[in-house]
Participant: 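Got a structure for you, written out below as structure tokens; questions coming shortly.
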2 protein chains.
Amino acid sequence: MSATTSGATRRTGTRALETAARKARLLAAATELAREGGYDAVQMRDVAARAEVALGTLYRHYSSKDQLLLAAMLDQTEVLRARIDQRPPRAGTPAERVSEVLRRACRALEREPRVTAALVSAMFSSDPDAIDVKRAVGDQLRGIIETAVDGGGDADVEVEAVVEVLGSVWLSAMAFWAGGLTDAATMAQRLDRAAHLLLD
Amino acid sequence: MSATTSGATRRTGTRALETAARKARLLAAATELAREGGYDAVQMRDVAARAEVALGTLYRHYSSKDQLLLAAMLDQTEVLRARIDQRPPRAGTPAERVSEVLRRACRALEREPRVTAALVSAMFSSDPDAIDVKRAVGDQLRGIIETAVDGGGDADVEVEAVVEVLGSVWLSAMAFWAGGLTDAATMAQRLDRAAHLLLD
DNA sequence: GGTAGGATGAGAACGCGTTCTCATCGAGCC
DNA sequence: GGCTCGATGAGAACGCGTTCTCATCCTACC
């Protein structure tokens with residue numbers, strides 16, 4: 001009977017939805033705690049408690065603190081990329097486009113400094129099991145730059161190298177900023193100079 | 001009596017030397033443990049035991065694990081820089097000089113992969129008290145590149161920006177390599193491409 | 001020569017990431 | 001309906017970075 005099938009499907013769907021909701025609550029709780037006190041304030045017991053989930057369940061879904069934060073970071077970078085793709089920069093030269101995109105991205109990241117610092121810390125953690133998520137995040141960042149460089153055009157080999165370098169500079173800048181070595185303005189200026197240096 | 005004075009001086013000198021020797025033993029112990037098992041194998045109790053020093057003494061000299069590793073890293077980068085300054089590259093163009101220096105530096109770092117990975121991990125740690133040492137290490141790396149770019153000449157503003165970008169790329173490359181995201185060959189190739197891209 | 005003070009040794013104690021144990025609950029299967 | 005099995009909850013337990021306590025010793029000062 002189709003009703004039975006649909007009922008069963010709905011029930012399993014419900015279950016899957018519950019799990020998805022739990023994961024979403026976990027990510028939200030981690031982000032909230034990061035917003036309140038940065039990396040150190042994201043304590044696994046607190047994340048689990050705030051998401052109303054047992055500690056073991058948290059670890060079943062995210063096998064370490066860094067994986068949890070990296071999942072949040074991947075979410076955030078995907079949102080960022082979608083938002084940028086939705087309203088791509090219209091400035092003329094590639095350098096200007098890249099500069100604008102990076103400036104926009106930095107503004108978005110600076111809006112929640114503690115959160116960003118926590119996520120960037122996770123990006124540079126030495127957790128060997130987090131390679132895949134890190135690669136995914138790196139791909140998002142590289143993709144953001146790439147679409148800004150060639151406005152929909154094909155990717156040259158030379159362009160690819162430029163994108164790679166810009167991605168490296170971006171990552172280093174975020175690491176320095178998250179580590180307290182430079183402020184946001186310096187970071188933005190450094191990115192701007194790099195973009196013009198490489199694309200003009 | 002001069003004998004008394006010299007005796008006292010010798011005694012205080014002895015004391016200072018003992019402290020210096022202790023610090024050196026601590027750095028050596030940390031490096032050894034890192035060589036054997038990377039960042040995770042550098043356990044503070046083990047470092048103290050191997051250096052034949054109490055745990056509290058270790059923490060009096062290096063206020064955290066990351067500061068200990070960063071001190072070792074600063075040592076290593078200073079040695080590296082001195083060695084490079086002693087035999088500077090003789091290739092023609094700045095790009096070739098930088099490429100050679102970075103290749104040499106990478107070879108030196110790859111000789112002890114676990115040690116380097118541990119030190120780089122510390123470089124990207126979120127320890128807020130380690131800002132000064134991190135800056136010193138960053139200055140060393142930037143200095144290495146700078147002397148390679150202008151072979152003793154003056155530093156242009158443009159040159160300074162190029163050096164900064166190359167330093168960022170170097171740091172990112174080491175972070176990716178230490179995190180297991182790329183291998184040594186990729187790292188070297190990326191640095192080479194960046195040098196030629198920025199200096200040719 | 002005696003004494004205060006800082007450095008060291010030895011080790012317990014604490015915090016937090018991570019793992020483990022066990023009880024419970026709900027969904028699919030007979 | 002009874003059963004099995006994977007997911008979850010609750011919380012203890014473990015490992016390691018870090019801090020704290022207290023005894024001891026050595027140097028500087030009087």
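Letters go in sequence order (proteins before strands), and every chain restarts at 1. Reckoned from all heavy atoms, side chains included, excluding hydrogens, waters and symmetry mates.
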Participant: Can you tell me the distance, in whole Å, between the CG atom of B:Leu55 and the P atom of D:dG17?
Facilitator: 9 Å
Participant: Which nucleotide, D:dT19, D:dG17, C:dT18, lies nearest any side-chain atom of A:Arg45?
Facilitator: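 The answer is C:dT18.
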Participant: Check every atom of C:dG9, D:dT8, D:dC16 against the side chain of A:Thr57 and return the nucleotide holding the closest atom.
Facilitator: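 The answer is D:dT8.
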Participant: Counting only side-chain nitrogens and oxygens, does A:Arg22 get under 4.0 Å of the OP1 or OP2 atom of D:dT8?
Facilitator: yes
Participant: Can you check the A:Lys65 NZ to D:dG17 C1' distance for me, whole Å?
Facilitator: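 For the pair A:Lys65 NZ and D:dG17 C1', the rounded distance is 13 Å.
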Participant: Quick one: CZ on A:Arg114 to CD on A:Glu36, what's the gap to the nearest 0.5 Å?
Facilitator: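 Reported value, rounded in 0.5 Å steps: 9.5 Å.
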Participant: When rounded to the nearest 0.5 angstrom, what distance separates CZ in B:Arg45 from CG in B:Leu55?
Facilitator: 6.5 Å
Participant: Grab the CG-P distance between B:Leu69 and D:dG17 for me, whole Å please.
Facilitator: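 Computing the B:Leu69:CG to D:dG17:P distance gives 10 Å.
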Participant: Rounded to the nearest 0.5 Å, what separates atom CG in A:Leu68 from atom CG in A:Leu119?
Facilitator: 9.5 Å
Participant: When the distance from CG of B:Leu58 to P of D:dT19 is rounded to whole Å, what number comes out?
Facilitator: 11 Å
Participant: Toward the 5' end of DNA chain C, which comes first, B:Thr19 or A:Met44, by nearest nucleotide?
Facilitator: B:Thr19
Participant: Any side-chain N or O of B:Arg60 less than 4.0 Å from the OP1 or OP2 oxygen of C:dT8?
Facilitator: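 Affirmative; the distance criterion is met.
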Participant: Taking only side-chain nitrogens and oxygens of B:His61, does any of them come within less than 4.0 Å of OP1 or OP2 of C:dT8?
Facilitator: yes
Participant: Please tell me which of the listed nucleotides, D:dG9, C:dG9, C:dG17, lies nearest to the side chain of B:Val53?
Facilitator: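 Selected nucleotide (nearest to the side chain): C:dG9.
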Participant: Looking just at side-chain N and O atoms, do B:Ser172 and A:Ser172 make a donor-acceptor pair shorter than 3.5 Å?
Facilitator: yes
Participant: Can you check the B:Tyr59 OH to C:dT8 P distance for me, whole Å?
Facilitator: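 Those two atoms, OH and P, are 16 Å apart.
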